[in-house]
Amino acid sequence: MSHLVAPSLLSANFLNLEREIEMLNRSEADWIHLDIMDGVFVPNISFGFPVLNLLKERTHKLLDVHLMIVQPEKFIPEIAAAGAAYMNVHYEACTHLHRVVSEIRNHGMKAGVTLNPHTPVLLLEDIVKDLDMVLLMSVNPGFGGQKFIEHSVEKVRVLKNLILRKNARALIEVDGGVNLETGKKLVDAGADVLVAGNFVFASDDPVQTIHKLKSL
Ligand code: DX5
Ligand code: ZN
């Protein structure tokens, strides 16, 4: 499978959201990545259901929801109702991760678990077989436009080995500081999905930038 590209709406122009969604619809983007923050789990607040609930009417791209919130299990039914294909919860936010993952799948979504940069991949040893995706943060979550943490490339390699060793099927998604240079390293290391926010939306021609990320 060639890799997928999931532009992160966090870096879009929110006064022109309709135009931004139309741009993504015209582009080769595979998914739309949606960053929900609560100001508690991460030091920032983004957008929530008023935005999320509008999207499924406006796009056929898969919605990939990344919850940077405490107690993400509280919102599983609402995220499902918003049309999310993937619901990603942070490992660091879930005491009963196996239960949360099961609930996500019971609501008809694919389950993703996200790791902060400091969280070792090997902590997923006993859950990776139950996952549809692992989302590796390559910046500290909370803001777009940050510098890529190089060690993330090695984490992709370690995760790929774990997935193969466990005969698991989880996709590897990477989020934070992705551009053509870091994206290439990640794909070569085994990443399946690249999230890109600032690199896409701050570029002169986002459709072309998405094309370049797809062509890595
Ligand atoms: C950061 C978010 C990312 C963010 C990525 O907390 O999870 O999805 O939008 O932005 P860039 O690609 O600009 O680092
Ligand atoms: Zn994200």
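Counting convention: from 1, in listed order, for ligands and their atoms alike. No hydrogens, no waters, no symmetry mates; every other heavy atom, side chains included, goes into these values.
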Backbone N/O of Gly176 and side chain of Ser138: donor-acceptor pair under 3.5 Å: yes
Which protein N, O or S atoms sit under 2.8 Å from the Zn ion (ligand 2)? His33 NE2, Asp35 OD1, His66 ND1, Asp175 OD2
Measuring from each atom of ligand 1, which residues have a heavy atom under 4.0 Å away? Ser8, Leu10, His33, Asp35, His66, Met68, Met137, Pro141, Gly142, Phe143, Gly144, Gly145, Asp175, Gly176, Gly177, Val195, Ala196, Gly197, Asn198
Is Arg105 salt-bridged to Asp132, going by a charged N under 4.0 Å from an acidic O? yes
Report yes or no: do Val101 and Leu67 belong to one cluster of Ile/Leu/Val/Met/Phe/Trp/Tyr joined by side chain heavy-atom distances under 4.5 Å? yes
Same cluster (ILVMFWY, side-chain, under 4.5 Å), Met23 and Leu34: yes
Keeping the roles fixed (side chain from Thr59, backbone from Asn25), state whether a donor-acceptor pair exists under 3.5 Å. no
Treat each ILVMFWY residue as a node, draw an edge where side-chain heavy atoms are under 4.5 Å apart, and state whether Phe199 and Leu216 are in one component. yes
Quick check on Lys110: does its NZ atom have over 12 non-hydrogen neighbours (other residues, nucleotides or ligands) under 6.0 Å away? no
Going by the angle between their ring planes, with limits at 30° and 60°, are His90 and His66 parallel, tilted or perpendicular? parallel
Side-chain heavy atoms under 4.5 angstrom apart, residues restricted to Ile, Leu, Val, Met, Phe, Trp, Tyr: same cluster for Val153 and Val139? no
